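Notes to accompany the following structure.
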2 protein chains.
Amino acid sequence: MTTKGDLTKARLAESMLELIQTSGYSGTGLNAVIDHAAAPKGSVYFHFPDGKEGLGVAAVDLAAKQFESLIAEAAASAGSPAAAARAVIEALATIVGESDYRLGCPVSVVTLEMGAESERLRQACASAFESWIAPTAALLETGGVEPAQARTLATVVVSTIEGAVIVSRATRSTQPLHAAADVVADLVDRSRQSAGGTR
Amino acid sequence: MTTKGDLTKARLAESMLELIQTSGYSGTGLNAVIDHAAAPKGSVYFHFPDGKEGLGVAAVDLAAKQFESLIAEAAASAGSPAAAARAVIEALATIVGESDYRLGCPVSVVTLEMGAESERLRQACASAFESWIAPTAALLETGGVEPAQARTLATVVVSTIEGAVIVSRATRSTQPLHAAADVVADLVDRSRQSAGGTR
DNA sequence: GTCTATACGACGATAGAC
DNA sequence: GTCTATCGTCGTATAGAC
């Protein structure tokens, strides 16, 4: 059953996730989180006994699931791996642009800020990236790319997307993301052909 | 002339740059910076009247110059644009790996943490990215790629590198950077051919 | 002009009231 | 079990001694 406490816990993780995107991990104070979640301060330590670190892990896990869903939906509705990749990146371009370049990838920023300081957070970020690379590689394999190459290419695709979001935010332009969409779609399409897939 | 004060100022910027890479911008306190630079606390506000923000801008500018030099050296010594791109990325893989995955791109993390909060820092980051994209595009043009496509491709190349550094740090493996090196080198080489360059 | 001592606020975390 | 009041620490910034 879903108790009221569970809802509070979910709201806290969602708030943390949202604030991390605009202010980073260190820049997001617990006061801001409980304020945004409309939760009392003590409940943070009730639901997340490890404090901020546990809340951060929950936020990263949540982000992983959300983007994983976006990938799955694009893979299901798009006609080809290349089209799916393009759809995902264009969706991100819309999100980033419509947020006035305030939203970015929470996993990237937590990796960069805390990867060297918290092993728990670093592992959570590694798992998040893996949860995006694996389905991307699987999608490429359905296009006829051999497993090893699919994994390599999927890693690069995810890296490119992460980087493009950052460059887009810095330049306040969706051009880097659109450029990434074009190049990645072309790259995915080409790999399918060169691997001897359905041609 | 170079006064002692100028050296202190440079050391402060270098220390800020180094610490940002492992702990992020918000996670780096001025106390840690002056400690690392072996400088008295007041000199921060003497050399950087705007405080932490000014110091952050100096660190980002410094990072921009350093990586710009790496690109220029690779472009000068490598035999082709593709080889230059590979050399740059492999050099990054060495740096990231040998630092035990503690060093990353300071411009990325400042963009993600402060891009939405400080216009000055955001612009410094945008300038940094531009200072890497422009010479990369120029290099691609020497390979026969037309200007517009060179710019697009250069943006994607820089994005991919930024993202690969992040994924490498999260997974504690240089594999994402090596994968990026392979794919980017191939991409650069292909663009040269498809554009009707020296074949 | 350089640097030390300090002010003031926000942080994460906890103890204990309800 | 849920929340409020508070503690100690560290943050940035500054005032003033040298």
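Owing to the predicted nature of the structure, the values given are computational and were not obtained by experimental measurement. Values below: all heavy atoms of this structure, side chains included; hydrogens, waters and symmetry mates excluded.
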ask   = Base, backbone or nothing for each nucleotide of nucleotides 12-18 of chain D, written B, S, -, heavy atoms under 4.0 angstrom, 5' to 3'?
value = BBB----
ask   = B:M16 and B:Y25: side chain to side chain contact (heavy atoms under 4.5 Å, CB included), yes or no, with the steps?
value = CA-CA 9 Å; B:M16 181 71 175; B:Y25 179 86; 3.7 Å; yes
Atom-pair distance ([atom1] on [X]; [atom2] on [N]), nearest Å:
X	N	atom1	atom2	answer
A:F48	C:dT14	CZ	P	16 Å
A:L19	C:dG12	CG	P	11 Å
A:L55	C:dA13	CG	P	10 Å
A:I34	C:dA10	CD1	P	14 Å
B:K9	C:dT2	NZ	P	12 Å

[Y] and [X], any side-chain heavy atoms less than 4.5 Å apart:
X	Y	answer
B:Q175	A:T152	yes
A:V188	A:V184	yes
B:V88	B:F67	yes
B:E18	B:T22	no

ask   = Roughly how far, to the nearest 0.5 Å, is CG of B:L30 from CG of B:L12?
value = 9.5 Å
message = Which nucleotide wins on minimum distance to the side chain of A:P40, given the candidates D:dT2, D:dC3, C:dG1?
response = D:dC3
